[in-house]
Protein chains: 2
Amino acid sequence: MSRSGKLASQGEQRENGRQQILDVIRASEHIARIDIAKATGVSPATVTALTSELLNAGLICEVAPEGNTEGRRGRPRVGLAIRGDAHRIAGIKVARRLISIVITDFAGHEIVHHELALDTGRMPAQVLAQEIHRALKETCKLGGFPIADLSGVGLGLAGMIDAPRNFVYWSSSLEERNIHFAAVLEEILPCPVFLDNDANLVAKAEHLFGAGRNCDNFIVITIEHGVGMGVVIDGKIYRGTKGCGTEFGHTKVQLEGALCQCGQRGCLEAYVGDYALLREANISSGGERYQTLASLFSAAQKGDAMAQSVLDRARRMFALGLANVVNIFDPGKIILAGARLSFDHLYSDRVIDEMQQWIVDVDAPMPEILVHDWGDLMWAKGAAAYAIEEVSALTVKRLAGAAG
Amino acid sequence: MSRSGKLASQGEQRENGRQQILDVIRASEHIARIDIAKATGVSPATVTALTSELLNAGLICEVAPEGNTEGRRGRPRVGLAIRGDAHRIAGIKVARRLISIVITDFAGHEIVHHELALDTGRMPAQVLAQEIHRALKETCKLGGFPIADLSGVGLGLAGMIDAPRNFVYWSSSLEERNIHFAAVLEEILPCPVFLDNDANLVAKAEHLFGAGRNCDNFIVITIEHGVGMGVVIDGKIYRGTKGCGTEFGHTKVQLEGALCQCGQRGCLEAYVGDYALLREANISSGGERYQTLASLFSAAQKGDAMAQSVLDRARRMFALGLANVVNIFDPGKIILAGARLSFDHLYSDRVIDEMQQWIVDVDAPMPEILVHDWGDLMWAKGAAAYAIEEVSALTVKRLAGAAG
DNA sequence: ATATTTTTTTTGCATTTCAAATTAAATCGT
DNA sequence: ACGATTTAATTTGAAATGCAAAAAAAATAT
């Protein structure tokens with residue numbers, strides 16, 4: 001039922017207002033109170049009241065008015081911005097044999113980053129927690145502040161994760177299944193830990209700081225070892241009922257198709273993932289000719305028909321998967337995120353053309369499709385973005401409790 | 001951004017409260033004020049205030065307290081229910097050569113229904129509007145009241161429809177493309193018209209009156225001539241950015257696959273739709289052996305290997321499509337809606353088993369999958385459900401404007 | 001009859017938002 | 001230079017709204 005909002009009790013309402021204004025400020029670097037009022041529909045009087053609370057709490061600060069201050073009549077507008085010093089936030093991504101960490105301020109600006117090799121890919125929760133703790137301490141040392149300064153840690157793991165519950169169904173980095181890993185970490189870290197699937201984290205980062213900044217309905221496709229998807233609907237990550245969300249990489253694109261690393265058959269990932277490409281190419285060539293994607297690409301460019309056909313199939317399968325996503329979600333925007341190198345073969349005009357041909361046709365423009373190349377720290381930054389949002393919410397909530 | 005609600009201005013807030021309470025009452029036939037308070041978290045004082053407004057407006061009425069009134073101490077609870085007399089609502093479904101109409105009261109109880117043949121399947125908007133007007137007048141006559149008594153009309157069309165804008169991109173019943181068909185109808189009808197895709201309407205009906213009554217996250221799959229899907233997320237129909245939503249039937253399940261009536265290849269519908277089954281069976285048997293689905297089914301039951309294989313493939317494709325929906329949406333419940341007969345072959349333990357095998361695995365229960373057989377009037381009832389909800393919202397909004 | 005229990009309504013208060021008025025801080029015009 | 005004008009931010013006062021607590025209502029239990 002319920003077409004629009006619920007009735008909110010006074011406290012909640014105020015909390016919502018504060019959070020909403022904080023969000024608007026974060027979405028635009030600098031913004032004057034009058035523009036906050038216009039953007040939110042809240043009256044200027046209320047904006048003044050709410051922003052002064054946020055100022056008091058130290059979450060935002062006044063800055064010089066934006067750009068063309070000259071030539072404007074009237075009282076000059078005062079810019080408001082997130083106060084970076086308010087909090088230090090860590091974002092952590094645990095990959096197969098690597099921990100990447102970014103520490104940012106509350107405005108999302110990077111303070112320091114660090115990477116650390118892991119001996120093994122999969123380990124017990126206690127051990128991984130210790131490794132993370134160690135890596136985090138090292139990173140803080142690099143930044144020149146104690147670990148106790150951190151207000152929150154965001155952590156991205158590959159696997160099936162119920163983020164609202166901070167619960168890991170399964171992760172390729174952990175030996176245990178069904179474990180509250182955030183709780184394990186919180187025992188040795190001095191601040192709250194927020195856990196999520198890595199594709200969702202990238203979506204969060206795009207929404208807070210990236211190509212989705214002024215868009216509340218979009219989809220992020222991540223291509224790394226596997227294929228992931230993060231779905232933002234009405235400004236929120238869509239996670240489904242179990243909280244573990246949207247398994248684009250394991251949607252089936254072929255009945256009884258290729259074997260996937262998840263053990264099932266016909267998964268999209270089993271056609272477009274890097275391991276899948278190499279496997280297919282080596283089977284077709286009857287040997288171990290290709291050790292890296294790069295060698296496969298160059299063979300194709302040199303005209304090797306077999307290499308071309310392997311990449312070709314991957315491209316078409318990817319276009320098909322994307323078309324299905326468009327047919328099902330009708331998103332406003334699709335962001336392909338990842339290290340450009342690893343999916344150059346999957347992003348070309350031919351993919352777009354093929355995809356278009358499979359999209360149910362209406363007389364309306366196709367969703368915008370764009371590539372956002374973040375580099376190696378993409379995942380860690382996403383984790384930081386998530387933690388920033390959660391710490392924001394916590395702080396605002398605490399504000400609501402304390403101040404009147 | 002914005003994790004939870006927005007700040008609502010006073011009027012909106014009250015409107016939300018009224019709407020929320022009306023929704024709770026509708027969801028439970030009878031309910032006492034104290035239980036509304038418990039269900040919504042609103043204080044009893046406010047529930048009294050809001051319900052008295054709704055009573056004054058004539059939208060709800062007091063009824064005898066529910067069941068076991070004996071043996072309970074204390075002041076007896078007074079049941080509240082939707083006042084059926086408040087409005088008369090029509091739900092209309094235009095199928096290929098048939099208009100079905102249901103007229104219900106405001107509580108969703110059927111008053112009268114009627115069906116009318118159409119000479120042609122596709123026609124100009126003006127002509128279809130006249131036909132609908134005529135059919136509606138006849139139906140009202142059957143019910144013994146003038147057409148002017150109607151407060152709202154819900155209309156379901158097959159095709160691509162942007163419901164919030166009441167806009168038809170394309171419909172198999174209309175010659176025109178890109179037309180505001182609701183506006184055409186409203187010129188000759190005495191009440192507002194609400195237009196939607198038929199699968200969404202069924203989802204709305206399930207949510208208001210059916211198997212989704214106490215569930216805010218579920219998916220409805222409809223199987224008729226084609227295959228449709230309605231997605232309910234957080235209690236609202238998900239429609240995507242163009243408003244034309246979720247084209248499950250045209251997701252691609254096979255690269256370069258079977259030809260679909262939409263002109264594209266590999267659509268799910270082209271494997272499981274009734275026309276697709278007959279086509280495939282007749283091609284395989286090299287003739288025109290099967291005129292109806294029933295004959296194909298009976299051939300399969302008698303052991304005809306070819307017929308079995310056609311049905312078998314449909315079943316597996318359907319399981320694959322369902323699995324993808326589960327992998328992508330992770331819904332709490334899946335409702336297969338339609339005339340049972342037409343998809344008995346698609347609903348069996350084997351489908352569930354195959355589907356399960358393709359669902360990404362977590363240690364959590366599968367979504368509940370259930371069949372809801374509505375009979376022929378399913379679509380029209382769905383249209384009525386939609387109109388009831390919209391008329392509710394309009395009335396509550398008007399209340400907010402008028403009363404204080 | 002009186003006490004007890006439970007639901008509903010009333011009362012009074014605290015909060016909150018907004019419109020309108022006011023103040024603040026700049027440029028424009030002469 | 002100095003008032004007029006313009007625009008932004010703040011203050012003020014009024015209206016609304018939701019809730020806790022108290023009161024009233026309506027039943028059963030003793």
Side-chain angles (χ1 to χ4, degrees), chain A residues 5-21 30-56 60 62-80 399-404, chain B residues 5-21 30-56 60 62-80 399-404:
Chain A
K6 287 203 328 183
L7 190 149
S9 64
Q10 292 144 329
E12 291 170 29
Q13 165 108 336
R14 208 69 202 284
E15 185 189 319
N16 286 344
R18 272 190 283 249
Q19 185 69 55
Q20 196 188 357
I21 285 181
H30 303 293
I31 187 168
R33 288 174 179 79
I34 184 76
D35 290 326
I36 296 177
K38 275 176 200 152
T40 60
V42 172
S43 75
T46 305
V47 171
T48 291
L50 291 177
T51 52
S52 86
E53 287 176 17
L54 294 174
L55 277 166
N56 274 332
I60 61 175
E62 299 194 330
V63 297
E66 58 260 55
N68 57 337
T69 173
E70 298 296 313
R72 292 180 61 91
R73 270 161 79 121
R75 177 175 176 171
R77 35 186 67 188
V78 180
L80 295 173
L399 244 183
Chain B
K6 288 203 328 185
L7 190 149
S9 64
Q10 294 144 327
E12 291 170 30
Q13 165 109 339
R14 208 66 203 286
E15 187 188 319
N16 286 344
R18 272 190 282 251
Q19 186 69 56
Q20 197 189 354
I21 284 180
H30 302 293
I31 187 169
R33 289 173 178 81
I34 184 77
D35 290 326
I36 296 177
K38 276 177 200 154
T40 59
V42 173
S43 75
T46 306
V47 171
T48 291
L50 291 176
T51 52
S52 86
E53 288 175 19
L54 294 174
L55 276 166
N56 273 333
I60 60 175
E62 298 194 332
V63 296
E66 58 260 53
N68 55 338
T69 172
E70 298 296 314
R72 292 179 60 91
R73 267 159 81 121
R75 179 172 176 170
R77 35 187 66 187
V78 179
L80 295 173
L399 245 183

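All values below come from the heavy atoms of this structure, side chains included, with hydrogens, waters and symmetry mates left out. Each chain gets a letter, A, B and so on, in the order the sequences are listed, and its residues count up from 1.
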Tell me the interatomic distance from [X], atom [atom1], to [N], atom [atom2], rounded to whole angstroms.
{"X": "Glu12(B)", "N": "dA15(D)", "atom1": "CD", "atom2": "C1'", "answer": "17 Å"}
{"X": "Arg75(A)", "N": "dC28(C)", "atom1": "CZ", "atom2": "P", "answer": "19 Å"}
{"X": "Arg33(B)", "N": "dT10(C)", "atom1": "CZ", "atom2": "P", "answer": "10 Å"}
{"X": "Ile36(A)", "N": "dC18(C)", "atom1": "CD1", "atom2": "P", "answer": "14 Å"}
{"X": "Arg72(B)", "N": "dA29(D)", "atom1": "CZ", "atom2": "C1'", "answer": "15 Å"}
{"X": "Ile34(B)", "N": "dA25(D)", "atom1": "CD1", "atom2": "C1'", "answer": "14 Å"}
{"X": "Asp35(A)", "N": "dA8(D)", "atom1": "CG", "atom2": "C1'", "answer": "10 Å"}
{"X": "Ile21(A)", "N": "dA9(D)", "atom1": "CD1", "atom2": "C1'", "answer": "14 Å"}

Looking at [X], I'd like to know whether one of its side-chain N or O atoms comes within less than 4.0 Å of OP1 or OP2 on [N].
{"X": "Arg14(A)", "N": "dT16(C)", "answer": "yes"}
{"X": "Arg73(A)", "N": "dA25(C)", "answer": "no"}
{"X": "Ser43(A)", "N": "dA19(C)", "answer": "no"}
{"X": "Thr46(B)", "N": "dC19(D)", "answer": "yes"}

Validation row: [X], [Y] side chains within 4.5 angstrom (heavy atoms):
{"X": "Asp35(B)", "Y": "Lys38(B)", "answer": "yes"}
{"X": "Glu62(A)", "Y": "Leu80(A)", "answer": "yes"}
{"X": "Leu7(A)", "Y": "Thr40(B)", "answer": "no"}
{"X": "Glu15(A)", "Y": "Leu399(A)", "answer": "no"}

### Query
So which one's nearest nucleotide on DNA chain C is more toward 5', Thr48(B) or Gly41(A)?
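That would be Thr48(B).
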
Assert: residue with more 5' nearest nucleotide on DNA chain C, out of Gly74(A) and Ala45(A), is Ala45(A)

Out of curiosity, Ile60(B) CD1 to Leu54(B) CG, how far, rounded to the nearest 0.5 Å?
->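 Separation between the atoms: 4.5 Å.
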
Mind checking if Val47(A) touches a base, just sugar-phosphate, or nothing, with heavy atoms under 4.0 Å? nothing

*Relative to the 5' end of DNA chain D, which residue comes earlier, Ala8(A) or Thr51(A), by the nucleotide with the nearest heavy atom?*
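Here Thr51(A) is the residue nearer the 5' end.
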
